[in-house]
Amino acid sequence: VNILQRLPFRMFLKNAYDDKSIQEALIAKSELEWLIVRPGVLMNCPASGNYSVLLRPNEWRNGIVARQDVADFIVERIDANALNCEKPVIIRYPL
């Protein structure tokens, strides 16, 4: 998220984000195959089938995405047995 979005997140959700970081570190250290999906702002709209999967931190952007598109991505990865120990950001439209 950009600096204007980061400040309110840090002010109001600091503990939640600190906890999330600890949880993600524990998962990443495990010997399990895992996938941490980071959706943008979730919308209650129909699936588009047209979303971006941003894998590298320098690509990550905040955006909006349909809940159904996130579910589609997760099911697709599970069906393909391709969890790949990744932390992708899923968005359709960047903010």
Side-chain angles (χ1 to χ4, degrees):
V1 296
N2 67 40
I3 189 72
L4 294 175
Q5 295 169 334
R6 193 174 307 134
L7 291 174
F9 274 91
R10 276 282 167 211
M11 284 177 42
F12 298 109
L13 300 170
K14 181 185 181 332
N15 291 339
Y17 273 86
D18 290 346
D19 290 347
K20 175 195 70 69
S21 296
I22 292 167
Q23 292 168 358
E24 287 185 3
L26 290 171
I27 291 167
K29 288 179 191 175
S30 78
E31 294 181 21
L32 301 172
E33 196 173 347
W34 51 268
L35 177 69
I36 297 173
V37 180
R38 297 174 167 174
V41 177
L42 294 168
M43 304 297 290
N44 291 326
C45 54
S48 70
N50 183 23
Y51 51 86
S52 297
V53 179
L54 311 175
L55 295 172
R56 294 184 302 277
N58 66 332
E59 297 178 315
W60 292 349
R61 303 286 178 270
N62 199 1
I64 62 172
V65 64
R67 293 176 193 280
Q68 292 180 4
D69 282 330
V70 176
D72 175 71
F73 171 76
I74 294 169
V75 169
E76 187 177 284
R77 284 295 187 96
I78 291 169
D79 284 348
N81 198 22
L83 299 181
N84 301 335
C85 299
E86 295 176 330
K87 301 176 187 177
V89 170
I90 311 297
I91 61 172
R92 173 146 187 223
Y93 298 112
L95 293 178

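Please read these numbers as outputs of a predicted model, since none were measured by experiment.
In plain terms, the two heavy atoms of A47 and A66 that are nearest each other are CA-CB, 4.4 Å. Between Y51 and D72 the shortest heavy-atom distance is OH-OD2, 2.8 Å. Of all heavy-atom pairs spanning V70 and V37, the tightest one is CG1-CG1, 4.1 Å. Counting all heavy atoms, side chain and backbone alike, L83 lies closest to L35 at O-CD1, 3.5 Å.
A distance-only check finds a donor-acceptor pair linking the side chain of R77 to the backbone of A82 [under 3.5 Å]. Looking at S52, its side chain never comes within 3.5 Å of a backbone N or O of L54 through a donor-acceptor pair.
The salt bridge (Lys or Arg N to Asp or Glu O under 4.0 Å) test applied to E76 returns no partner, not counting sequence neighbours. R38 pairs by the salt bridge (Lys or Arg N to Asp or Glu O under 4.0 Å) definition with E24, not counting sequence neighbours.
Criterion: ILVMFWY side-chain heavy atoms under 4.5 Å apart, direct or through other members. Under it, V53 and L42 are part of a common hydrophobic cluster. Under the 4.5 Å side-chain contact rule for hydrophobic residues, Y93 and V41 share a cluster. In terms of hydrophobic clustering, with Ile, Leu, Val, Met, Phe, Trp and Tyr side chains grouped at heavy-atom distances under 4.5 Å, I78 and F73 are assigned to a common cluster.
The CD1 atom of I64 lies 8.0 Å from the CZ atom of R92; values are rounded to the nearest 0.5 Å. Expressed to the nearest 0.5 Å, how far CD1 of I90 lies from CG of L55 amounts to 7.5 Å. Expressed to the nearest 0.5 Å, how far CD of Q68 lies from CE of M43 amounts to 13.0 Å. Here the straight-line distance linking atom CG of N84 with atom NZ of K87 works out to 14.5 Å at 0.5 Å rounding.
Checked against D69 for a side chain to side chain contact (heavy atoms under 4.5 Å, CB included), the options P39, P46, S48 give a single hit: S48.
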TODO: Evaluate the criterion side-chain contact (heavy atoms from CB on, under 4.5 Å) for residue pair V89 and R61; output intermediate values, then yes/no.
DONE: CA-CA 8 Å; V89 170; R61 303 286 178 270; over 6 Å; no
